[in-house]
Amino acid sequence: GAEGSTLMSYFSKNQIQALKPKITFSTLRDLQCPVLQSTDLQGKPEESCSTEELFEWLGAVLNQVSLDNKSSSFLSTYCCPEPNTVVEKAFLCTITGFIIPENIIQLLEQLCCYFGEPKLAYWLTLTVHGFADSPVSWRENEHGFHKGGENLYNFVIFRNLDYWLQMAVGAHDDCPP
C-alpha cells in the first residue's frame, strides 16, 4: 500500500545500500595448537584432544586470550590442552557483516583447496557466528538472548576432507536441525 511506496521512496532517495562485509587478516606466530585426529571426537590421552577441548581453545584464540597460563594474568590462566604442537604461523581471517549461506559454502570450498598444496595445515576451521541479538536463530524460531546470545557453528576440516561440525546455541533456543 501507501506505506510501502513511501518506504521505497525513502530508501531510494537516501541511497541506502547493503554494507560490504569488513575483512581483517592477521598472522599468529608460534601458536600452540591442540593435536587432533579426525576419528577421535573424544580424544585420547597423550594422542589427541577432544572436540570440546578444541572448541574452548578456539574461543581463546579468536578472543586473543593468552595461552601461557601465567599466574600474574588477571584475564585468564587458560593454557592449550594436551597434547599440543607449536605452529610457526597460523593465519586468521575475520569477515564481519551479513553473509548469505551461499558465500559460506564458497568459503568452505576455497578453504578445502588449501589442502592441495604440500606442507600446509593438517586441519583448519571455519566459525560462523549469528548476531548475538538476532531475532531468530535455528529453524526460524525466536532467539532467546538472555545472557550471551550464543548462536554459532564451527566446521573443523581435516586434510583427508573428514570434518566435524560443532553447534552452540543458548539454553532457551531451539536445537539446530
(request) Could you check if a side-chain atom of Leu28 sits within less than 4.5 angstrom of a side-chain atom of Phe91, using non-hydrogen atoms only? (result) no
(message) Taking Ser38's backbone N and O only, do any of them form a donor-acceptor pair with Trp164's side chain (distance below 3.5 Å, no angle check)?
(response) yes
(message) So does Ala60 get a backbone contact from the side chain of Asn63, meaning a donor-acceptor N/O pair under 3.5 Å?
(response) no
(request) Go through the steps for Thr125 and Leu58 under the test side chain to side chain contact (heavy atoms under 4.5 Å, CB included), then give the verdict. (result) CA-CA 9 Å; Thr125 67; Leu58 194 59; 3.8 Å; yes
Indicate every side-chain donor-acceptor pair of residues 102-112 with a distance under 3.5 Å to a residue at least two apart or in another chain.
none

(request) Answer whether the closest heavy-atom distance between the side chains of Lys89 and Asp30 falls below 4.5 Å. (result) no
(request) Please check if the side chain of Glu47 supplies one atom and the backbone of Lys44 the other of a donor-acceptor pair under 3.5 Å. (result) no
(message) Distance check, rounded to the nearest 0.5 Å: Leu92 atom CG versus Thr24 atom OG1?
(response) 7.0 Å
(message) Is the ring pair Trp123/Trp57 parallel, tilted or perpendicular, if the boundaries are 30 and 60 degrees?
(response) perpendicular
(message) Surrounding CZ of Phe158 (heavy atoms of other residues, nucleotides or ligands, distance under 6.0 Å), is the total greater than 12?
(response) yes
(message) Determine whether Leu36 and Cys49 satisfy the following criterion, side chain to side chain contact (heavy atoms under 4.5 Å, CB included), listing intermediate values before the conclusion.
(response) CA-CA 6 Å; Leu36 305 178; Cys49 297; 4.1 Å; yes
(request) Check whether any side-chain N or O of Asp40 sits under 3.5 Å from a backbone N or O of Gln42 as a donor-acceptor pair, and report yes or no. (result) no
(request) Please list, chain by chain and in numerical order, all residues satisfying ring-ring contact (aromatic ring centres under 6.0 Å, His included) with Tyr122, sequence neighbours excluded. (result) none
(message) Quick check: closest heavy atoms across Cys80 and Gln32, and the distance to 0.1 Å?
(response) SG-O, 3.7 Å
(request) From the options Thr96, Leu152, Asn154, select the one residue that forms a side-chain contact (heavy atoms from CB on, under 4.5 Å) with His129. (result) Leu152
(request) Applying ring-ring contact (aromatic ring centres under 6.0 Å, His included), name anything that partners Phe55, two or more places apart in sequence or on another chain. (result) none
(request) Determine whether Leu124 and Val35 fall in the same hydrophobic cluster, where Ile, Leu, Val, Met, Phe, Trp and Tyr are linked whenever their side-chain heavy atoms lie under 4.5 Å apart. (result) no
(message) Is it the case that the side chain of Gln166 and the backbone of Thr51 share a donor-acceptor pair, with hydrogens and angles ignored and the cut-off at 3.5 Å?
(response) yes
(request) Could you check if a side-chain atom of Ser50 sits within less than 4.5 angstrom of a side-chain atom of Leu41, using non-hydrogen atoms only? (result) no
